[in-house]
Amino acid sequence: MTKLTGASYVKIALIIVFGALILGAIGFGGCSSWRLSSGIWGETSLGSASVDAADVKNLSIKWGAGEVKVGVTDGGDAIELIETSTGGATKAQQMRWSVSGDTLNVDYGQWFSCSALMGRKSLEVRIPKSYAQQLGTVDIDGASGDYDVSGLGCESLKLQLASGDLTGLDLRADELRVDVASGHLNVEGRFPDRVNVRTASGETRVVCEEVCPSSIDVDIASGEVGVAVPRDSGFTARIDKASGDFTSAFSFSQNGNVYTSGDGSASVNAHIASGEFRIDSSN
């Protein structure tokens, strides 16, 4: 039998201590691992909550999987964060949230847990109407699942989707930014200044109501993107494509890769590696 040296005992003790620290950090409830987003460090709270809406100008949601619904309520002065889990959730599995400055950060919490495999986590965010119409930046970043966003009015709306489905209705934002890795996204609302769409794969549809955005920028690696604007819109579209198709419901004149419709006032720039880009009519 090999005799353990003093150094060996020290190493074993360090391994035991390190293992205990890991179990304490992730929760002893069994094979859990979780992350905190960089914006959540500091004064972080767990689980469902009621947040004073007067303290919130911006909203940032980072969700891993499941269902997220962001909507508007008629009255009240609090933003309600409601987390549910079909399989129940330990403390280590609860969502994390904090208010940093005037930004409400909501984070899924841990990405994986053995006991979390029994069910799906979902989040509902209820914002009083008087506050929901005057937000600054709304940033929703989804890894996978189903997302429903409606009734918000803000300066900048950012929607990022790795996989899954996202539906946005009755939205108003000076600027809309959409980034889709894979999945389906359908957004409708008023976006007067700018619409920016980037997609690696999947299907994206943006319906611009009432007014055509001054600027539309589209970058397609693969997949389908459709942007609908009012019938009386005029635009100048510059289409740079390696492979793929560009179609439009509007009549236009063409000069090389430049397409002009109506007074040509709105600027449209599209880069297509492969896939399809359409300019449709929203009315």
Side-chain angles (χ1 to χ4, degrees), residues 37 39 48-51 53 56-74 76 78-84 95 97 99 102-108 120-199 202-211 213 225-228 282:
S37 297
S48 299
S50 179
V51 181
V56 176
K57 179 67 174 178
N58 309 303
L59 174 64
S60 174
I61 298 175
K62 293 178 172 60
W63 206 252
E67 181 179 7
V68 174
K69 183 177 181 180
V70 182
V72 176
T73 58
D74 288 333
I79 297 175
E80 301 292 336
L81 306 176
I82 304 170
E83 179 189 37
T84 57
M95 73 176 184
W97 67 269
V99 178
D102 57 3
T103 300
L104 172 59
N105 300 287
V106 182
D107 187 271
Y108 185 85
R120 288 160 51 94
K121 290 202 331 178
S122 64
L123 169 68
E124 183 175 2
V125 181
R126 301 173 180 172
I127 308 175
K129 188 173 182 178
S130 57
Y131 295 95
Q133 299 297 321
Q134 50 186 349
L135 295 168
T137 297
V138 175
D139 188 347
I140 299 177
D141 187 349
S144 68
D146 298 317
Y147 298 79
D148 187 341
V149 185
S150 62
L152 302 185
C154 57
E155 297 170 6
S156 177
L157 176 60
K158 302 177 182 179
L159 303 173
Q160 303 174 74
L161 185 64
S163 178
D165 296 280
L166 189 151
T167 300
L169 301 176
D170 190 25
L171 300 172
R172 291 177 178 266
D174 296 334
E175 177 185 50
L176 171 67
R177 290 180 175 270
V178 172
D179 195 337
V180 179
S182 177
H184 297 81
L185 183 145
N186 182 72
V187 176
E188 300 180 10
R190 191 178 191 275
F191 316 110
D193 291 350
R194 185 181 183 190
V195 168
N196 184 292
V197 178
R198 296 179 57 192
T199 181
E203 183 176 356
T204 299
R205 183 171 182 263
V206 177
V207 178
C208 302
E209 300 172 339
E210 298 180 13
V211 62
V225 173
V227 177
S282 60

Assess the residue pair L159 and L176 against the criterion (side chain to side chain contact (heavy atoms under 4.5 Å, CB included)); give the C-alpha distance rounded to whole Å, side-chain angles, the decisive distance to 0.1 Å, and a yes or no. CA-CA 8 Å; L159 303 173; L176 171 67; 4.2 Å; yes
Quick one, L59 with I127, criterion side chain to side chain contact (heavy atoms under 4.5 Å, CB included). Give me CA distance, side-chain angles, the key distance, then yes/no. CA-CA 11 Å; L59 174 64; I127 308 175; 4.1 Å; yes
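Within the structure, salt bridge (Lys or Arg N to Asp or Glu O under 4.0 Å) pairs that include any residue of residues 154-177 comprise R172-E210, E175-R177, E175-R194 (at least two apart or interchain). Legend: side chain to side chain donor-acceptor pair (under 3.5 Å) pairs involving residues 143-153, not counting sequence neighbours: none detected.
In plain terms, the two heavy atoms of V72 and G151 that are nearest each other are CG2-O, 3.4 Å. Nearest heavy atom pair, residue F191 against residue V187, reads CZ-CG1, 3.7 Å. The two residues P192 and A173 come nearest to each other via the heavy atoms CD-O, 3.4 Å. Shortest non-hydrogen contact noted between S282 and V207 is CB-CG1, 3.8 Å. Taking all atoms of both residues into account, the shortest heavy-atom contact from L161 to S163 is CD1-O, 3.3 Å.
Checked against side-chain contact (heavy atoms from CB on, under 4.5 Å), A162 has no partners two or more places apart in sequence or in another chain. Not counting sequence neighbours, the partners of V56 by the side-chain contact (heavy atoms from CB on, under 4.5 Å) test are V51, I79, L104. With sequence neighbours left out, the side chain to side chain donor-acceptor pair (under 3.5 Å) criterion links N58 to D102, T103. Shown here are the side chain to side chain donor-acceptor pair (under 3.5 Å) partners of E124, two or more places apart in sequence or in another chain: R126. For T167, the side chain to side chain donor-acceptor pair (under 3.5 Å) test picks out no residue, with sequence neighbours left out. Partners of T84 under the side chain to side chain donor-acceptor pair (under 3.5 Å) rule, at least two apart in sequence or in another chain, are S122. When the side-chain contact (heavy atoms from CB on, under 4.5 Å) test is applied to Q160, the partners found at least two apart in sequence or on another chain are D139, D141, D179. Here A78 pairs with S50, E80 under the side-chain contact (heavy atoms from CB on, under 4.5 Å) rule; sequence neighbours left out.
Interatomic distance, L152 CG to L169 CG, rounded to the nearest 0.5 Å: 11.0 Å. Considering CD of E188 and CG of L171, their distance stands at 9.0 Å, rounded to 0.5 Å. Expressed to the nearest 0.5 Å, how far OG of S48 lies from CH2 of W97 amounts to 10.5 Å.
Residues N105 and D107 have side chains not in contact (no heavy-atom distance under 4.5 Å, counting atoms from C-beta outward).
The only member of K62, M95, K121 that meets side-chain contact (heavy atoms from CB on, under 4.5 Å) when paired with Y108 is K121.
Not a single donor-acceptor pair under 3.5 Å links the side chain of Q133 to the backbone N or O of K129.
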